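Below is one structure, written out as C-alpha cells; the observations come after it.
Note that the coordinates shown come from a computational prediction; the quantities given were computed from them, not determined experimentally. Lettering follows sequence order; numbering is per chain, from 1.
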There are 2 protein chains.
Amino acid sequence: MAVREGLLSLLEPGPRYGYQLKTEFESVTGGVWSLNVGQVYTTLDRLERDGLVEMTEAEGQKSYTLTAAGREELGAWWQAVPADEPPPRDELMLKVLMAIEKGADHALEVITRQRTALFALLHDHRRKPAPPADAPTVSVLAAQLVTDALVVRAEADLRWLDLCEARLAATRKDRP
Amino acid sequence: MAVREGLLSLLEPGPRYGYQLKTEFESVTGGVWSLNVGQVYTTLDRLERDGLVEMTEAEGQKSYTLTAAGREELGAWWQAVPADEPPPRDELMLKVLMAIEKGADHALEVITRQRTALFALLHDHRRKPAPPADAPTVSVLAAQLVTDALVVRAEADLRWLDLCEARLAATRKDRP
DNA sequence: ACGGGCATGTAACTGGTTACATGATTCA
DNA sequence: TGAATCATGTAACCAGTTACATGCCCGT
C-alpha cells in the first residue's frame, strides 16, 4: 500500500497529472525510491475505481483530484500507526526461524553470514560521501533520512541476531 | 516471497503434503504467523509450475518433493542476504517523508504520534507474560524471537524518529 | 533530422490473501 | 448424531511491477 498512499498524499495540495506524480514521488523520497511511470497510471486507475480520486480532462491534459472519500482515506492514513499484529513477515526473521528448525548448527551459520553482511552494509554507509552542505534541499534531506533508516535498521538487526544467538545458547544448555 | 521460500524450506528434509506444511509453518514460526491453508495449495501449485517441487500421488495421498532446481533455489536463498538497494519501501518512512513535504509542523505532528504509538507498543511487550520456563519447545523459542524482533525494531524506529527531528531542526536553522 | 525528455497509457504477470466448497475421519 | 479437525482444492481479487507502444515537443 505504499504507492497508493503516496500518490494520495501528493494529490492533497491540489490537482496533479500522472507524470508529475512520478517526478514528485521520486523527489520527495530523495530519488532512492524510483517509480516506473506505468505504475502511476495503473495506481491512479485503481484509485479512481475506488472513488478516491477524480479525473478531469481539459485541452488534452488529464488531471487528477482528491475526492471527499479520498481526503477521508488520506486523513485516516495520517492518523494510523503501522500494525504489528500479526507481526510482519520479514525475510531475515523467516530465514533464522527456518534455520533453527534445521538445527542449532545451521542456525548459527545463517546468523553469522547475515551478521557479516550487515556489518559490510554499515561500513559502506559510513563511507558514503556526505551530501553537499551547500544544498540542503528537501530531496537531500529525504535521501539522508532514508540512509539513516537503513543504518538504524541494520543495527537493530545486528542486535536481534545477537539475541538469537544468546537464546539459542540458553536452550542448548537446557537440553544438551 | 515469504511463504514461497518458507514452504521450500520445510520441504527440504523430505516429502510433505499440503496440510502438514501449514501446521509446520505455523509451528516453526511460533504460531504468530498464521497461514490460510488455501494459500499453501496455491503456493504449491506455483512452485510446481516453476519446477521447484514435484507432486506424487499414492493411495489418494498427495505428496510434494523438492526437485533438483528447488534444492538449488533453496540453497541460494540460504546464502542470500536481504537486498537494501533499492531501499525497501516502509510505511513509517513514507509517512514521515510525505509529511516533511507538507511542512515541518506537519512532520513533527506525525513524528510525535508515531513515537507515542511505538512507546505504547514497547510497554505492552515488556508487560507480556514470560513463556512458561518448563516448556522451552522450538515453537516457544520462535515466538520469543519474533517478539524480540518487534521490540528491537520498535526501538530502532524510535531512534530514527529522533534523528528525523534533529535533522529537521538543523535544516530549519539553515533556512529559517 | 534526430535524440531525449515529457506524457499517457495497456497487457501481462507475480505473489499474497481470502472466501468458499467438499469430503473424510475422529470422538464425545 | 453432530461438531471439530484433517485434508484438498478453486475462484476471485489485490497491489506491485515491468515491458512495451505511442506520440508530442524542444533543442542541437
Nearest-angstrom distance from the residue atom [atom1] of [X] to [atom2] of [N]:
X: A/N36; N: D/dT18; atom1: CG; atom2: C1'; result: 6 Å
X: B/L35; N: D/dC6; atom1: CG; atom2: P; result: 15 Å
X: A/K22; N: C/dG9; atom1: NZ; atom2: C1'; result: 14 Å
X: A/L7; N: C/dT8; atom1: CG; atom2: C1'; result: 15 Å
X: A/Q20; N: C/dG5; atom1: CD; atom2: C1'; result: 15 Å
X: B/Y17; N: D/dT8; atom1: OH; atom2: P; result: 7 Å
X: B/E24; N: D/dC6; atom1: CD; atom2: C1'; result: 15 Å
X: A/L21; N: C/dA7; atom1: CG; atom2: P; result: 11 Å

- Query: Start at the 5' end of DNA chain D and walk down; is the nucleotide closest to B/R89 or to B/T23 reached first?
  - Reply: B/T23
- Message: Of the listed nucleotides (C/dG15, D/dT8, D/dG16), which one gets closest to any side-chain atom of A/A2?
- Response: D/dG16
- Message: Can you tell me if A/Q61 touches the phosphate of C/dT8, counting only side-chain N or O atoms and a distance under 4.0 Å to OP1 or OP2?
- Response: yes
- Item | N/O (side chain, A/Y19) to phosphate O (OP1/OP2, C/dC6) under 4.0 Å | yes
Lys/Arg N to Asp/Glu carboxylate O, [X] vs [Y], below 4.0 Å:
X: A/K95; Y: A/E91; value: yes
X: A/R153; Y: B/D84; value: no
X: B/D50; Y: B/R4; value: yes

- Please check if atom CZ in A/R127 has more than 12 non-hydrogen atoms from other residues, nucleotides or ligands closer than 6.0 Å. no
- Query: Taking atom CG of A/D148 and atom NE2 of A/H125, what is their separation to the nearest 0.5 Å?
  - Reply: 10.0 Å
- Task: Provide the closest heavy-atom pair for A/L150 versus B/P88 in the form atom of the first, atom of the second, distance.
- Result: CD1-CD, 4.5 Å
- Query: Under a 4.5 Å cut-off applied to non-hydrogen side-chain atoms, are B/Q114 and B/L92 in contact?
  - Reply: yes
- Query: Considering only heavy atoms, which members of residues 39-51 of chain A lie under 4.0 Å from some atom of DNA chain D?
  - Reply: A/Q39, A/T42, A/R46, A/R49
- Message: Heavy atoms only, 4.0 Å cut-off, all strands: where does B/G18 land among base, sugar-phosphate and nothing?
- Response: sugar-phosphate
